[in-house]
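As a basis for the values below, the full set of heavy atoms in this structure was taken, side chains included, without hydrogen atoms, waters or symmetry mates. No experiment lies behind these values; they were computed from the predicted model shown. Just so we're on the same page: letters track the sequence lines, and every chain starts at 1.
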Number of protein chains: 2
Amino acid sequence: MNDTDKPTISRREQSKQNRRDAIVQAARASFLENGYAGTSMSALVHTLGGSKQTLWSYFRSKEELFAAVIEEVTSSFRAELSQLLTGSDDLQRSLLDFCRSFLRRLDADDAVAAWRLVAGESGRFPEVGRIFYERAVRLTETTLAQFLARFIASGELREESAPRMAELLLGLCASRQNKRLWGVGTGDEASREADAIAYSGMFLRAFAREKG
Amino acid sequence: MNDTDKPTISRREQSKQNRRDAIVQAARASFLENGYAGTSMSALVHTLGGSKQTLWSYFRSKEELFAAVIEEVTSSFRAELSQLLTGSDDLQRSLLDFCRSFLRRLDADDAVAAWRLVAGESGRFPEVGRIFYERAVRLTETTLAQFLARFIASGELREESAPRMAELLLGLCASRQNKRLWGVGTGDEASREADAIAYSGMFLRAFAREKG
DNA sequence: TCATAGCTGTACCATAGAGTACGAATTTGC
DNA sequence: GCAAATTCGTACTCTATGGTACAGCTATGA
């Protein structure tokens, strides 16, 4: 009796949903590539096919559409990032793996574009930065912090603030992103691997307890 | 006989210079606040007083003016950052001081705005990111690396790549900037001090040699 | 004093943008 | 099959933009 086998949504609402998704996807592509001001609603209508009337019936303004796109971008980020931390007991290995996967995700073109969009527009649209942080970054921080807390408890990490540690490691990972934003430094496998090793290595040296 | 007491530049050229500066300053303010697309040449003329003819006689297009602004922004950054590293022999103290000053500089509203502008526009204007990195960030990296190299030589830091170390420390500092971009986290003295301590502390733990 | 380089103001052009209006065509639920 | 909800296409308004043209004004330099 759940809503998957007996959809309460009618054909109409279904196609409305699809339509909405299509709009958001197209808008997402354009906003990521051209920024807010560089995205034209008229052009969007042309890309999508259909009429302005229709577009405006789904989103009453450009800003509203933009908000929906930001929402979409952060939620897709969130979905992918929540699975980066395995339940492994090997601290060193887990951290390296985490850095690797996280950096790989950040290296993707759309991630770079999203980062640029958020950074560029959060001055004029304060919501954008806040949403991005709250719904994408912060979640990763807390998840990582919980992961680290286990190793503090087990004595493998120093007894210091886990959230702070998480922040520092993520900060390191994000710093690679800056060079990508600036068009410096490539997103190739080799440099990524080197960075993953450097970041997790630095972290462990700073926060791992000496053994024995 | 130097050119300060006997200016070779005529009154005309002097006032041209002033005019140009005024234009760049006004443009800078607008680009930083409104971004590239959000800056209007017509509005700029209005702010400056004078006529379009004049503005276009100094800069033949909006892009050319934008380039001049980026140039100005990076060069003013560079000028300030080159003096952050004292010749002190106390490693720990120097690093903490460096982080403090660097973070203070980054916390300034115009630095945040500049960071946003560069991040936001370097997708559409690849030059912008490259120039910003080459002329502002890279210089800081190499200066810091040279500074660190002295302590590697003296045995206070591990024998590892000084440029890499510099990159990591600056990366940490830059990570604070992200939160500012997103409008999360304030630029107040207290949090800055805490971050400076955390960054330099983490760095030292990771790269300082254990004593005796 | 005078020629002139440079400035001003204003009108103008072509293009583009967001958003509205509306009648006709199409799809949906029943 | 029919009424209602959507969608379509197109034309429209209003505002703004980067950039040009031009006639008159002003400070400069000799």
Subject >> Which residues share a side-chain contact (heavy atoms from CB on, under 4.5 Å) with B/Arg135, sequence neighbours left out >> reply: B/Glu71, B/Thr74, B/Arg78, B/Ile131
Subject >> Distance in angstrom units between B/Phe66 CZ and D/dG18 C1', rounded >> reply: 16 Å
Original post:
Any donor-acceptor pair under 3.5 Å linking the side chain of B/Gln177 with the backbone of B/Leu106?
Top reply: yes
Original post:
Mind checking what makes salt bridge (Lys or Arg N to Asp or Glu O under 4.0 Å) contact with A/Glu160, not counting sequence neighbours?
Top reply: B/Arg205
**OP:** Keeping to residues at least two apart or across chains, list the ring pair (Phe, Tyr, Trp, His ring centres under 6.0 Å) pairs with something in residues 183-204 of chain B.
**Re:** B/Phe203-B/Phe207
Original post:
Taking only N and O in the side chain of A/Arg19, is any of them less than 4.0 Å away from OP1 or OP2 of D/dC8?
Top reply: yes
Subject >> Set of side-chain hydrogen bond (donor to acceptor under 3.5 Å, both in side chains) partners for B/Arg164, sequence neighbours left out >> reply: A/Asp195, B/Glu167
Taking only nitrogen or oxygen atoms into account, show me every contact under 3.5 Å that the protein makes with nucleotides 20-22 of chain D, one pair per line with its distance.
| unit_1 | atom_1 | unit_2 | atom_2 | d |
| --- | --- | --- | --- | --- |
| D/dC22 | N4 | B/Gln53 | OE1 | 3.3 |

Subject >> Within residues 39-54 of chain A or reaching into it, pairs that qualify as salt bridge (Lys or Arg N to Asp or Glu O under 4.0 Å) - sequence neighbours excluded >> reply: none
Original post:
Hey, does the side chain of A/Tyr58 come within less than 4.0 Å of D/dT6's phosphate (OP1/OP2), counting only N and O?
Top reply: no
Original post:
Using the C1' atoms of five pairs at each end, what's the angle between the two axes of the helix from C/dT1-D/dA30 to C/dC30-D/dG1, to 10 degrees?
Top reply: 30°
Subject >> Separation of atom NZ in B/Lys16 from atom P in D/dT28, rounded to whole Å >> reply: 14 Å
Original post:
For B/Ala27, which residues count as a side-chain contact (heavy atoms from CB on, under 4.5 Å) partner, sequence neighbours excluded?
Top reply: B/Phe31, B/Leu44, B/Leu65, B/Val69
Subject >> Nucleic acid contacts - residues 26-51 of chain A versus DNA chain C, non-hydrogen atoms under 4.0 Å >> reply: A/Thr39, A/Ser40, A/Met41, A/Ser42
Subject >> Any residue meeting ring-ring contact (aromatic ring centres under 6.0 Å, His included) with A/Trp56, in chain and number order, not counting sequence neighbours >> reply: none
Original post:
Separation of B/Leu55 atom CG from C/dG9 atom P, in whole Å?
Top reply: 14 Å
Subject >> Pairs flagged by salt bridge (Lys or Arg N to Asp or Glu O under 4.0 Å) wherever residues 36-46 of chain B is involved - sequence neighbours left out >> reply: none
**OP:** Could you tell me which residues satisfy side-chain contact (heavy atoms from CB on, under 4.5 Å) with A/Val128, sequence neighbours excluded, listed by chain and number?
**Re:** A/Phe66, A/Ile70, A/Val118, A/Phe125
Subject >> Crowding at CD, A/Glu33 (>12 non-hydrogen neighbours, <6.0 Å) >> reply: no
